[in-house]
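The model shown is predicted, which means the values in this text are computed figures rather than measured ones. Heavy-atom basis, side chains included; hydrogens, waters and symmetry copies ignored.
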Protein chains: 2
Amino acid sequence: MEKEEKIAIAPEKLEKILDVAQKRFARFGLAKTTMSEIADDLGVSKASLYYYFPDKECIFKKVMMKEQLDFCRQMKKIVASDKNIKQTLKDYIENRTNYFKTLINLGHLNYDIFHEQKPLYASLGKEFYEREKEIIKTILQNAMERNEIRKIDIDEYSGFFVHVLRTLRLYALARKELWEQGLMNKELKQEYIFFTNIFLKSIEKI
Amino acid sequence: MEKEEKIAIAPEKLEKILDVAQKRFARFGLAKTTMSEIADDLGVSKASLYYYFPDKECIFKKVMMKEQLDFCRQMKKIVASDKNIKQTLKDYIENRTNYFKTLINLGHLNYDIFHEQKPLYASLGKEFYEREKEIIKTILQNAMERNEIRKIDIDEYSGFFVHVLRTLRLYALARKELWEQGLMNKELKQEYIFFTNIFLKSIEKI
DNA sequence: ATTTGACCGATTTTGTAAAAAGGTCAGTTT
DNA sequence: AAACTGACCTTTTTACAAAATCGGTCAAAT
(Lines give C-alpha, C1' and ligand atoms only; values in the text may rest on other atoms or scores of the structure.)
Protein backbone atom coordinates (compact mmCIF):
# COMPACT_ATOMS: atom_id res chain seq x y z
CA MET A 1 0.00 0.00 0.00
CA GLU A 2 1.35 3.39 -1.06
CA LYS A 3 1.69 6.27 1.34
CA GLU A 4 -0.70 9.05 0.46
CA GLU A 5 -1.88 12.25 2.03
CA LYS A 6 -3.43 11.68 5.42
CA ILE A 7 -6.64 13.50 4.54
CA ALA A 8 -8.37 15.00 1.53
CA ILE A 9 -6.51 18.09 0.39
CA ALA A 10 -7.64 20.99 -1.78
CA PRO A 11 -5.95 20.71 -5.19
CA GLU A 12 -4.66 24.29 -5.28
CA LYS A 13 -3.18 23.89 -1.79
CA LEU A 14 -1.50 20.65 -2.74
CA GLU A 15 -0.11 22.26 -5.85
CA LYS A 16 1.29 25.21 -3.88
CA ILE A 17 3.01 22.90 -1.42
CA LEU A 18 4.52 20.73 -4.14
CA ASP A 19 5.55 23.85 -6.03
CA VAL A 20 7.49 25.25 -3.11
CA ALA A 21 8.97 21.86 -2.26
CA GLN A 22 9.98 21.30 -5.86
CA LYS A 23 12.09 24.44 -5.89
CA ARG A 24 13.79 23.56 -2.60
CA PHE A 25 14.49 19.99 -3.68
CA ALA A 26 15.82 21.19 -7.02
CA ARG A 27 18.31 23.50 -5.35
CA PHE A 28 19.37 21.48 -2.31
CA GLY A 29 18.20 17.92 -2.84
CA LEU A 30 16.16 15.76 -0.50
CA ALA A 31 18.63 15.53 2.38
CA LYS A 32 19.49 19.23 2.54
CA THR A 33 15.92 20.44 2.35
CA THR A 34 14.19 20.66 5.74
CA MET A 35 10.53 20.53 6.51
CA SER A 36 10.83 23.82 8.39
CA GLU A 37 12.16 25.52 5.28
CA ILE A 38 9.29 24.29 3.17
CA ALA A 39 6.87 25.36 5.87
CA ASP A 40 8.51 28.79 6.13
CA ASP A 41 8.30 29.27 2.38
CA LEU A 42 4.59 28.54 2.61
CA GLY A 43 4.15 30.79 5.62
CA VAL A 44 2.82 28.02 7.80
CA SER A 45 4.22 25.94 10.62
CA LYS A 46 6.05 22.69 10.18
CA ALA A 47 3.28 20.81 11.97
CA SER A 48 0.83 21.91 9.32
CA LEU A 49 2.78 20.00 6.71
CA TYR A 50 2.47 16.87 8.82
CA TYR A 51 -1.25 17.41 8.86
CA TYR A 52 -1.29 16.76 5.13
CA PHE A 53 1.70 14.49 4.62
CA PRO A 54 2.93 11.57 6.72
CA ASP A 55 6.61 12.34 6.15
CA LYS A 56 9.17 14.18 4.05
CA GLU A 57 9.78 11.33 1.66
CA CYS A 58 6.12 11.37 0.73
CA ILE A 59 6.35 15.00 -0.37
CA PHE A 60 9.49 14.26 -2.32
CA LYS A 61 7.84 11.29 -3.95
CA LYS A 62 4.85 13.40 -4.96
CA VAL A 63 7.14 16.04 -6.44
CA MET A 64 8.96 13.39 -8.42
CA MET A 65 5.69 11.88 -9.61
CA LYS A 66 4.56 15.27 -10.77
CA GLU A 67 7.76 15.75 -12.74
CA GLN A 68 7.47 12.27 -14.17
CA LEU A 69 3.92 12.94 -15.32
CA ASP A 70 4.93 16.29 -16.79
CA PHE A 71 7.75 14.60 -18.65
CA CYS A 72 5.68 11.72 -19.93
CA ARG A 73 2.83 13.99 -21.01
CA GLN A 74 5.27 16.08 -23.02
CA MET A 75 6.90 13.04 -24.58
CA LYS A 76 3.64 11.37 -25.43
CA LYS A 77 2.75 14.43 -27.45
CA ILE A 78 5.70 13.63 -29.66
CA VAL A 79 4.53 10.08 -30.14
CA ALA A 80 1.06 11.35 -30.96
CA SER A 81 2.40 13.71 -33.60
CA ASP A 82 2.60 10.59 -35.71
CA LYS A 83 5.69 11.19 -37.82
CA ASN A 84 8.07 8.53 -39.11
CA ILE A 85 10.31 6.86 -36.56
CA LYS A 86 13.42 8.76 -37.54
CA GLN A 87 11.83 12.12 -36.93
CA THR A 88 10.00 10.91 -33.84
CA LEU A 89 13.15 9.68 -32.11
CA LYS A 90 15.00 12.84 -33.11
CA ASP A 91 12.25 14.93 -31.59
CA TYR A 92 12.25 12.71 -28.56
CA ILE A 93 15.91 13.10 -27.68
CA GLU A 94 15.82 16.79 -28.50
CA ASN A 95 12.97 17.36 -26.09
CA ARG A 96 14.38 14.97 -23.51
CA THR A 97 17.51 17.02 -22.95
CA ASN A 98 15.63 20.30 -23.01
CA TYR A 99 12.94 19.18 -20.64
CA PHE A 100 15.40 17.92 -18.06
CA LYS A 101 16.61 21.47 -17.64
CA THR A 102 13.18 22.34 -16.26
CA LEU A 103 12.56 19.18 -14.27
CA ILE A 104 15.75 19.34 -12.26
CA ASN A 105 14.82 16.77 -9.64
CA LEU A 106 13.97 14.20 -12.26
CA GLY A 107 17.09 15.09 -14.18
CA HIS A 108 19.30 14.52 -11.16
CA LEU A 109 17.63 11.27 -10.17
CA ASN A 110 20.19 9.00 -11.77
CA TYR A 111 22.97 11.00 -10.21
CA ASP A 112 21.36 10.69 -6.78
CA ILE A 113 20.88 6.96 -7.17
CA PHE A 114 24.55 6.71 -7.82
CA HIS A 115 25.83 8.80 -4.95
CA GLU A 116 23.39 7.74 -2.24
CA GLN A 117 22.11 4.24 -2.51
CA LYS A 118 18.74 5.00 -0.88
CA PRO A 119 16.01 2.52 -1.75
CA LEU A 120 13.69 5.46 -2.41
CA TYR A 121 15.89 6.75 -5.21
CA ALA A 122 16.28 3.29 -6.65
CA SER A 123 12.55 2.68 -6.77
CA LEU A 124 11.84 6.10 -8.26
CA GLY A 125 14.55 5.52 -10.83
CA LYS A 126 13.22 2.13 -11.77
CA GLU A 127 9.70 3.45 -12.11
CA PHE A 128 10.82 6.29 -14.31
CA TYR A 129 12.82 3.87 -16.41
CA GLU A 130 9.76 1.70 -16.95
CA ARG A 131 7.64 4.69 -17.94
CA GLU A 132 10.14 5.95 -20.45
CA LYS A 133 10.60 2.47 -21.82
CA GLU A 134 6.87 2.22 -22.45
CA ILE A 135 6.95 5.40 -24.51
CA ILE A 136 9.84 4.19 -26.64
CA LYS A 137 8.05 0.88 -26.97
CA THR A 138 5.06 2.67 -28.45
CA ILE A 139 7.28 4.47 -30.91
CA LEU A 140 8.90 1.23 -32.05
CA GLN A 141 5.54 -0.54 -32.14
CA ASN A 142 4.12 2.16 -34.40
CA ALA A 143 7.14 2.02 -36.67
CA MET A 144 6.91 -1.73 -36.95
CA GLU A 145 3.25 -1.67 -37.81
CA ARG A 146 4.02 0.79 -40.57
CA ASN A 147 6.80 -1.42 -41.84
CA GLU A 148 9.38 1.29 -41.25
CA ILE A 149 11.71 -1.04 -39.39
CA ARG A 150 12.58 -4.71 -39.52
CA LYS A 151 11.18 -7.27 -37.13
CA ILE A 152 12.86 -6.95 -33.73
CA ASP A 153 12.23 -7.75 -30.08
CA ILE A 154 10.60 -4.45 -29.20
CA ASP A 155 10.78 -4.88 -25.45
CA GLU A 156 14.49 -5.62 -25.58
CA TYR A 157 15.34 -2.81 -27.98
CA SER A 158 13.30 -0.14 -26.21
CA GLY A 159 14.73 -1.13 -22.86
CA PHE A 160 18.26 -0.91 -24.16
CA PHE A 161 17.64 2.40 -25.88
CA VAL A 162 16.44 4.02 -22.67
CA HIS A 163 19.21 2.36 -20.70
CA VAL A 164 21.90 3.89 -22.91
CA LEU A 165 20.28 7.33 -22.76
CA ARG A 166 20.42 7.08 -18.97
CA THR A 167 24.00 5.90 -18.77
CA LEU A 168 25.19 8.57 -21.18
CA ARG A 169 23.44 11.23 -19.14
CA LEU A 170 24.86 9.95 -15.87
CA TYR A 171 28.36 10.07 -17.25
CA ALA A 172 27.88 13.56 -18.63
CA LEU A 173 26.55 14.71 -15.28
CA ALA A 174 29.79 13.59 -13.67
CA ARG A 175 32.00 15.78 -15.80
CA LYS A 176 31.46 18.91 -13.80
CA GLU A 177 33.77 20.95 -15.96
CA LEU A 178 31.24 20.66 -18.72
CA TRP A 179 28.32 20.86 -16.37
CA GLU A 180 29.42 24.16 -14.87
CA GLN A 181 30.11 25.68 -18.23
CA GLY A 182 26.71 24.73 -19.51
CA LEU A 183 28.30 22.77 -22.31
CA MET A 184 27.00 19.49 -20.92
CA ASN A 185 23.66 19.57 -22.63
CA LYS A 186 25.21 20.43 -25.95
CA GLU A 187 27.68 17.53 -25.80
CA LEU A 188 25.10 15.17 -24.41
CA LYS A 189 22.68 16.00 -27.18
CA GLN A 190 25.34 15.18 -29.75
CA GLU A 191 25.93 11.83 -28.10
CA TYR A 192 22.21 11.19 -28.11
CA ILE A 193 21.99 12.00 -31.79
CA PHE A 194 24.93 9.78 -32.63
CA PHE A 195 23.50 6.88 -30.69
CA THR A 196 20.05 7.37 -32.16
CA ASN A 197 21.51 7.27 -35.65
CA ILE A 198 23.32 4.03 -34.90
CA PHE A 199 20.20 2.63 -33.29
CA LEU A 200 18.05 3.59 -36.25
CA LYS A 201 20.49 2.15 -38.76
CA SER A 202 20.53 -1.13 -36.89
CA ILE A 203 16.77 -1.58 -37.04
CA GLU A 204 16.02 -0.13 -40.43
CA LYS A 205 14.44 -2.19 -43.16
CA ILE A 206 17.08 -3.96 -45.24
CA MET B 1 57.53 17.21 -17.60
CA GLU B 2 56.34 13.95 -16.09
CA LYS B 3 57.32 12.88 -12.63
CA GLU B 4 59.50 9.82 -12.74
CA GLU B 5 61.61 7.91 -10.29
CA LYS B 6 64.22 10.10 -8.66
CA ILE B 7 67.08 7.81 -9.60
CA ALA B 8 67.77 4.79 -11.76
CA ILE B 9 66.09 1.74 -10.29
CA ALA B 10 66.76 -1.95 -10.85
CA PRO B 11 63.89 -3.44 -12.92
CA GLU B 12 63.23 -6.39 -10.60
CA LYS B 13 63.08 -4.03 -7.60
CA LEU B 14 60.71 -1.69 -9.38
CA GLU B 15 58.54 -4.60 -10.33
CA LYS B 16 58.41 -5.85 -6.74
CA ILE B 17 57.39 -2.46 -5.42
CA LEU B 18 54.68 -2.01 -8.03
CA ASP B 19 53.48 -5.53 -7.40
CA VAL B 20 53.00 -4.96 -3.70
CA ALA B 21 51.45 -1.54 -4.28
CA GLN B 22 49.11 -2.94 -6.91
CA LYS B 23 47.62 -5.39 -4.44
CA ARG B 24 47.14 -2.73 -1.78
CA PHE B 25 45.57 -0.27 -4.22
CA ALA B 26 43.28 -2.96 -5.57
CA ARG B 27 41.96 -3.78 -2.11
CA PHE B 28 41.82 -0.36 -0.48
CA GLY B 29 42.18 2.24 -3.20
CA LEU B 30 44.61 5.13 -3.41
CA ALA B 31 43.40 7.09 -0.39
CA LYS B 32 43.21 4.16 2.03
CA THR B 33 46.60 2.73 1.13
CA THR B 34 49.48 4.23 3.10
CA MET B 35 53.12 4.44 2.22
CA SER B 36 54.03 2.75 5.50
CA GLU B 37 51.91 -0.25 4.57
CA ILE B 38 53.58 -0.61 1.21
CA ALA B 39 56.96 -0.24 2.85
CA ASP B 40 56.09 -2.82 5.51
CA ASP B 41 54.94 -5.28 2.85
CA LEU B 42 58.30 -4.85 1.19
CA GLY B 43 60.17 -5.14 4.47
CA VAL B 44 61.80 -1.74 4.11
CA SER B 45 61.29 1.63 5.70
CA LYS B 46 58.94 4.25 4.40
CA ALA B 47 61.85 6.57 3.66
CA SER B 48 63.25 4.00 1.26
CA LEU B 49 60.21 4.35 -0.94
CA TYR B 50 60.83 8.06 -1.10
CA TYR B 51 64.31 7.32 -2.24
CA TYR B 52 62.86 5.87 -5.43
CA PHE B 53 59.60 7.74 -5.83
CA PRO B 54 58.84 11.42 -5.29
CA ASP B 55 55.36 10.78 -3.90
CA LYS B 56 52.51 8.33 -3.51
CA GLU B 57 50.64 9.46 -6.58
CA CYS B 58 53.65 8.59 -8.67
CA ILE B 59 53.57 4.98 -7.49
CA PHE B 60 49.86 4.81 -8.14
CA LYS B 61 50.35 6.26 -11.59
CA LYS B 62 53.01 3.69 -12.39
CA VAL B 63 50.74 0.88 -11.22
CA MET B 64 47.97 2.18 -13.43
CA MET B 65 50.29 2.49 -16.38
CA LYS B 66 51.37 -1.09 -15.90
CA GLU B 67 47.77 -2.25 -15.87
CA GLN B 68 47.02 -0.17 -18.93
CA LEU B 69 49.93 -1.70 -20.79
CA ASP B 70 48.90 -5.20 -19.72
CA PHE B 71 45.40 -4.51 -20.93
CA CYS B 72 46.45 -3.04 -24.25
CA ARG B 73 48.94 -5.81 -24.94
CA GLN B 74 46.21 -8.39 -24.36
CA MET B 75 43.72 -6.55 -26.54
CA LYS B 76 46.18 -5.96 -29.34
CA LYS B 77 46.62 -9.70 -29.56
CA ILE B 78 42.98 -9.92 -30.51
CA VAL B 79 43.42 -7.34 -33.23
CA ALA B 80 46.46 -9.21 -34.48
CA SER B 81 44.52 -12.47 -34.70
CA ASP B 82 43.18 -11.01 -37.92
CA LYS B 83 39.60 -12.30 -37.96
CA ASN B 84 36.61 -10.52 -39.45
CA ILE B 85 35.31 -7.49 -37.57
CA LYS B 86 32.30 -9.26 -36.11
CA GLN B 87 34.41 -11.93 -34.43
CA THR B 88 37.09 -9.45 -33.47
CA LEU B 89 34.71 -7.13 -31.62
CA LYS B 90 33.02 -10.10 -29.96
CA ASP B 91 36.40 -11.34 -28.76
CA TYR B 92 37.26 -7.84 -27.68
CA ILE B 93 34.28 -7.28 -25.40
CA GLU B 94 34.52 -10.81 -24.07
CA ASN B 95 38.12 -10.30 -23.05
CA ARG B 96 37.50 -6.77 -21.86
CA THR B 97 35.10 -7.83 -19.12
CA ASN B 98 37.21 -10.80 -18.14
CA TYR B 99 40.44 -8.88 -18.00
CA PHE B 100 39.02 -6.17 -15.78
CA LYS B 101 38.54 -8.79 -13.10
CA THR B 102 42.32 -9.13 -12.94
CA LEU B 103 43.23 -5.48 -13.37
CA ILE B 104 41.10 -4.21 -10.53
CA ASN B 105 42.59 -0.74 -10.29
CA LEU B 106 42.05 -0.09 -13.95
CA GLY B 107 38.56 -1.55 -13.75
CA HIS B 108 37.59 0.78 -10.92
CA LEU B 109 39.07 3.86 -12.53
CA ASN B 110 35.81 5.15 -13.97
CA TYR B 111 34.10 4.59 -10.66
CA ASP B 112 36.80 6.54 -8.85
CA ILE B 113 36.61 9.39 -11.32
CA PHE B 114 32.95 9.64 -10.54
CA HIS B 115 33.12 9.56 -6.78
CA GLU B 116 36.20 11.68 -6.23
CA GLN B 117 36.85 14.33 -8.81
CA LYS B 118 40.64 14.23 -8.45
CA PRO B 119 42.51 15.55 -11.47
CA LEU B 120 44.79 12.51 -11.28
CA TYR B 121 41.89 10.14 -11.88
CA ALA B 122 40.55 12.29 -14.67
CA SER B 123 43.86 12.37 -16.50
CA LEU B 124 44.40 8.63 -16.07
CA GLY B 125 40.88 7.99 -17.30
CA LYS B 126 41.36 10.18 -20.32
CA GLU B 127 44.62 8.53 -21.23
CA PHE B 128 43.13 5.07 -20.93
CA TYR B 129 40.22 6.18 -23.07
CA GLU B 130 42.56 7.36 -25.78
CA ARG B 131 44.51 4.11 -25.73
CA GLU B 132 41.44 1.95 -26.00
CA LYS B 133 40.07 4.16 -28.72
CA GLU B 134 43.22 3.62 -30.75
CA ILE B 135 42.76 -0.13 -30.58
CA ILE B 136 39.16 0.04 -31.72
CA LYS B 137 40.28 2.42 -34.42
CA THR B 138 42.68 -0.21 -35.72
CA ILE B 139 39.92 -2.80 -35.76
CA LEU B 140 37.62 -0.52 -37.74
CA GLN B 141 40.44 0.52 -40.04
CA ASN B 142 41.24 -3.11 -40.83
CA ALA B 143 37.59 -3.89 -41.46
CA MET B 144 37.22 -0.94 -43.77
CA GLU B 145 40.29 -1.88 -45.79
CA ARG B 146 38.84 -5.34 -46.24
CA ASN B 147 35.55 -3.88 -47.33
CA GLU B 148 33.72 -5.51 -44.43
CA ILE B 149 32.00 -2.29 -43.41
CA ARG B 150 30.71 0.79 -45.14
CA LYS B 151 32.60 4.07 -45.25
CA ILE B 152 32.37 5.83 -41.91
CA ASP B 153 34.22 8.39 -39.81
CA ILE B 154 36.44 5.92 -38.01
CA ASP B 155 37.63 8.32 -35.35
CA GLU B 156 34.10 9.30 -34.43
CA TYR B 157 32.76 5.75 -34.40
CA SER B 158 35.61 4.23 -32.42
CA GLY B 159 35.44 7.03 -29.88
CA PHE B 160 31.74 6.55 -29.38
CA PHE B 161 32.07 2.78 -29.14
CA VAL B 162 34.58 3.04 -26.31
CA HIS B 163 32.58 5.80 -24.67
CA VAL B 164 29.46 3.63 -24.48
CA LEU B 165 31.41 0.66 -23.14
CA ARG B 166 32.68 2.92 -20.37
CA THR B 167 29.33 4.42 -19.47
CA LEU B 168 27.64 1.03 -19.41
CA ARG B 169 30.34 -0.29 -17.12
CA LEU B 170 30.13 2.69 -14.80
CA TYR B 171 26.41 2.23 -14.43
CA ALA B 172 26.74 -1.48 -13.80
CA LEU B 173 29.39 -0.80 -11.17
CA ALA B 174 26.90 1.36 -9.31
CA ARG B 175 24.31 -1.36 -8.89
CA LYS B 176 26.00 -2.98 -5.94
CA GLU B 177 23.32 -5.59 -5.57
CA LEU B 178 24.54 -7.11 -8.78
CA TRP B 179 28.14 -6.36 -8.05
CA GLU B 180 28.13 -8.14 -4.74
CA GLN B 181 26.39 -11.14 -6.17
CA GLY B 182 28.87 -11.42 -8.96
CA LEU B 183 26.09 -11.11 -11.48
CA MET B 184 27.40 -7.78 -12.67
CA ASN B 185 29.84 -9.11 -15.20
CA LYS B 186 27.26 -11.44 -16.66
CA GLU B 187 24.70 -8.67 -17.13
CA LEU B 188 27.30 -6.22 -18.34
CA LYS B 189 28.58 -8.69 -20.89
CA GLN B 190 25.07 -9.09 -22.25
CA GLU B 191 24.74 -5.33 -22.58
CA TYR B 192 28.08 -5.22 -24.36
CA ILE B 193 26.98 -7.91 -26.77
CA PHE B 194 23.70 -6.17 -27.46
CA PHE B 195 25.41 -2.88 -28.12
CA THR B 196 28.07 -4.46 -30.27
CA ASN B 197 25.40 -6.08 -32.41
CA ILE B 198 23.64 -2.78 -32.87
CA PHE B 199 26.94 -1.11 -33.60
CA LEU B 200 27.91 -3.75 -36.15
CA LYS B 201 24.56 -3.62 -37.87
CA SER B 202 24.84 0.13 -38.20
CA ILE B 203 28.17 0.01 -40.00
CA GLU B 204 27.75 -3.12 -42.06
CA LYS B 205 27.94 -3.07 -45.82
CA ILE B 206 24.53 -2.43 -47.32
C1' DA C 1 -11.45 20.74 10.02
C1' DT C 2 -7.23 23.20 10.37
C1' DT C 3 -3.29 25.08 12.60
C1' DT C 4 0.18 25.56 16.02
C1' DG C 5 3.86 25.78 19.75
C1' DA C 6 5.94 22.83 22.74
C1' DC C 7 8.22 18.75 22.95
C1' DC C 8 10.89 14.19 22.03
C1' DG C 9 14.32 10.99 20.31
C1' DA C 10 17.51 10.55 16.72
C1' DT C 11 20.60 12.41 13.56
C1' DT C 12 23.83 15.96 12.00
C1' DT C 13 26.94 19.50 12.82
C1' DT C 14 30.74 21.52 15.15
C1' DG C 15 34.88 22.04 17.63
C1' DT C 16 38.99 20.04 18.99
C1' DA C 17 42.64 17.12 20.72
C1' DA C 18 45.01 12.92 19.52
C1' DA C 19 46.52 9.93 15.99
C1' DA C 20 48.24 8.98 11.68
C1' DA C 21 49.28 10.38 7.31
C1' DG C 22 52.65 12.25 3.52
C1' DG C 23 56.94 13.89 2.97
C1' DT C 24 62.05 15.59 4.31
C1' DC C 25 66.69 15.09 5.82
C1' DA C 26 70.99 14.39 8.35
C1' DG C 27 73.38 10.70 9.02
C1' DT C 28 74.44 5.40 8.98
C1' DT C 29 75.26 1.16 6.48
C1' DT C 30 76.88 -1.41 2.60
C1' DA D 1 78.97 6.77 -3.87
C1' DA D 2 74.56 4.27 -3.72
C1' DA D 3 71.11 2.36 -0.70
C1' DC D 4 68.80 2.88 3.27
C1' DT D 5 66.99 4.50 7.87
C1' DG D 6 65.11 6.76 12.25
C1' DA D 7 63.89 11.01 13.77
C1' DC D 8 61.41 14.77 12.64
C1' DC D 9 58.11 18.26 10.52
C1' DT D 10 53.64 19.66 8.58
C1' DT D 11 49.25 18.55 7.09
C1' DT D 12 45.30 15.58 7.07
C1' DT D 13 42.34 12.20 9.21
C1' DT D 14 40.17 10.34 13.02
C1' DA D 15 37.73 10.13 17.44
C1' DC D 16 34.68 11.81 20.35
C1' DA D 17 31.64 14.78 22.97
C1' DA D 18 28.75 18.94 23.19
C1' DA D 19 25.52 21.58 20.82
C1' DA D 20 22.43 22.33 17.30
C1' DT D 21 19.14 20.73 14.16
C1' DC D 22 15.96 17.72 12.15
C1' DG D 23 12.00 14.60 11.41
C1' DG D 24 8.07 13.59 13.53
C1' DT D 25 4.15 13.68 17.44
C1' DC D 26 0.45 15.62 20.10
C1' DA D 27 -2.55 18.17 23.13
C1' DA D 28 -4.45 22.45 22.88
C1' DA D 29 -6.03 26.56 20.29
C1' DT D 30 -8.45 28.50 16.35
Side-chain angles (χ1 to χ4, degrees), chain A residues 2-18 20-25 27-64 105 112 115-121, chain B residues 2-25 27-64 112 115-121:
Chain A
E2 290 275 321
K3 277 183 188 174
E4 295 272 331
E5 309 95 87
K6 290 174 172 174
I7 50 94
I9 175 171
E12 70 275 5
K13 191 172 286 184
L14 172 65
E15 195 177 354
K16 182 67 189 163
I17 294 176
L18 295 185
V20 161
Q22 185 180 35
K23 282 170 192 158
R24 282 273 172 193
F25 288 141
R27 226 191 261 287
F28 306 107
L30 172 59
K32 292 292 184 185
T33 296
T34 73
M35 290 294 267
S36 301
E37 286 168 348
I38 298 174
D40 287 349
D41 289 349
L42 290 164
V44 298
S45 81
K46 186 180 62 168
S48 291
L49 286 180
Y50 283 98
Y51 178 70
Y52 291 108
F53 296 95
D55 51 37
K56 186 166 76 163
E57 281 198 358
C58 182
I59 298 182
F60 185 73
K61 221 167 167 174
K62 282 239 180 308
V63 168
M64 292 299 281
N105 295 301
D112 294 334
H115 274 79
E116 311 171 43
Q117 71 280 33
K118 283 204 173 193
L120 171 68
Y121 290 131
Chain B
E2 290 274 323
K3 277 183 187 173
E4 296 271 333
E5 309 97 87
K6 289 175 173 173
I7 49 93
I9 175 172
E12 69 275 6
K13 191 169 286 184
L14 173 65
E15 194 178 353
K16 183 66 189 163
I17 295 176
L18 294 185
D19 228 53
V20 161
Q22 184 180 35
K23 282 170 192 159
R24 283 272 171 193
F25 288 142
R27 229 191 256 291
F28 306 106
L30 171 59
K32 292 293 183 183
T33 297
T34 73
M35 291 294 267
S36 301
E37 286 168 348
I38 297 174
D40 287 349
D41 290 348
L42 289 164
V44 297
S45 81
K46 187 180 61 168
S48 291
L49 285 180
Y50 283 99
Y51 178 71
Y52 292 108
F53 297 95
D55 51 40
K56 187 167 74 163
E57 281 198 357
C58 182
I59 298 183
F60 184 74
K61 220 167 168 176
K62 281 239 179 308
V63 167
M64 294 298 282
D112 294 334
H115 274 80
E116 312 170 42
Q117 70 282 30
K118 284 203 173 193
L120 171 67
Y121 289 131

Should A/Tyr51 be listed as having a side-chain N or O under 4.0 Å from OP1 or OP2 of C/dT2?
-> yes
Compare side-chain N and O positions of A/Lys13 against OP1 and OP2 of C/dT3 and report whether any pair is under 4.0 Å apart.
-> yes
Closest to the 5' end of DNA chain C, once B/Ala31 and A/Leu49 are matched to their nearest nucleotides, is A/Leu49
Rounded interatomic separation in angstrom, taking [atom1] from [X] and [atom2] from [N]:
X	N	atom1	atom2	result
B/Phe53	C/dG22	CZ	P	15 Å
B/Ile9	D/dA2	CD1	P	15 Å
A/Asp40	D/dT21	CG	C1'	14 Å
B/Ile17	D/dA3	CD1	P	11 Å
A/Ile38	C/dT3	CD1	C1'	18 Å
B/Lys16	D/dC4	NZ	P	15 Å
A/Glu37	D/dT21	CD	P	12 Å
A/Leu42	C/dT3	CG	P	11 Å

Apply the test side chain to side chain contact (heavy atoms under 4.5 Å, CB included) to residues B/Tyr51 and B/Ile9: give CA-CA distance (whole Å), side-chain angles for both, the deciding distance (0.1 Å), then the verdict.
-> CA-CA 10 Å; B/Tyr51 178 71; B/Ile9 175 172; over 6 Å; no
What pairs of residues pass the side chain to side chain donor-acceptor pair (under 3.5 Å) test when at least one of them lies in residues 14-23 of chain B, not counting sequence neighbours?
->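 Sorted pair list: B/Asp19-B/Lys66, B/Gln22-B/Glu67.
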Does a side-chain heavy-atom distance below 4.5 Å link [X] with [Y]?
X	Y	answer
A/Phe25	A/Met64	no
A/Tyr121	A/Phe60	yes
A/Asp112	A/Leu30	no

Candidates C/dG22, C/dT2, C/dT4 - which lies nearest the side chain of B/Tyr50 =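 Nucleotide nearest to B/Tyr50's side chain: C/dG22.
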For the side chain of A/Lys56, counting heavy atoms from C-beta on, which of D/dG23, C/dG23, C/dA1 is nearest?
->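 Closest of the options to the side chain of A/Lys56: D/dG23.
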For nucleotides 5-13 of chain C, give me every protein contact, N/O to N/O, under 3.5 Å, one pair per line with atom names.
unit_1: C/dT13; atom_1: OP1; unit_2: A/Lys32; atom_2: NZ; d: 2.3

Report the residues that fulfil salt bridge (charged side-chain N to carboxylate O under 4.0 Å, His left out) with A/Asp40, sequence neighbours left out, ordered by chain and then residue number.
->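 A/Asp40 satisfies salt bridge (charged side-chain N to carboxylate O under 4.0 Å, His left out) with no other residue.
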Is there a donor-acceptor contact under 3.5 Å from the side chain of A/Lys56 to the main chain of A/Thr33?
-> yes
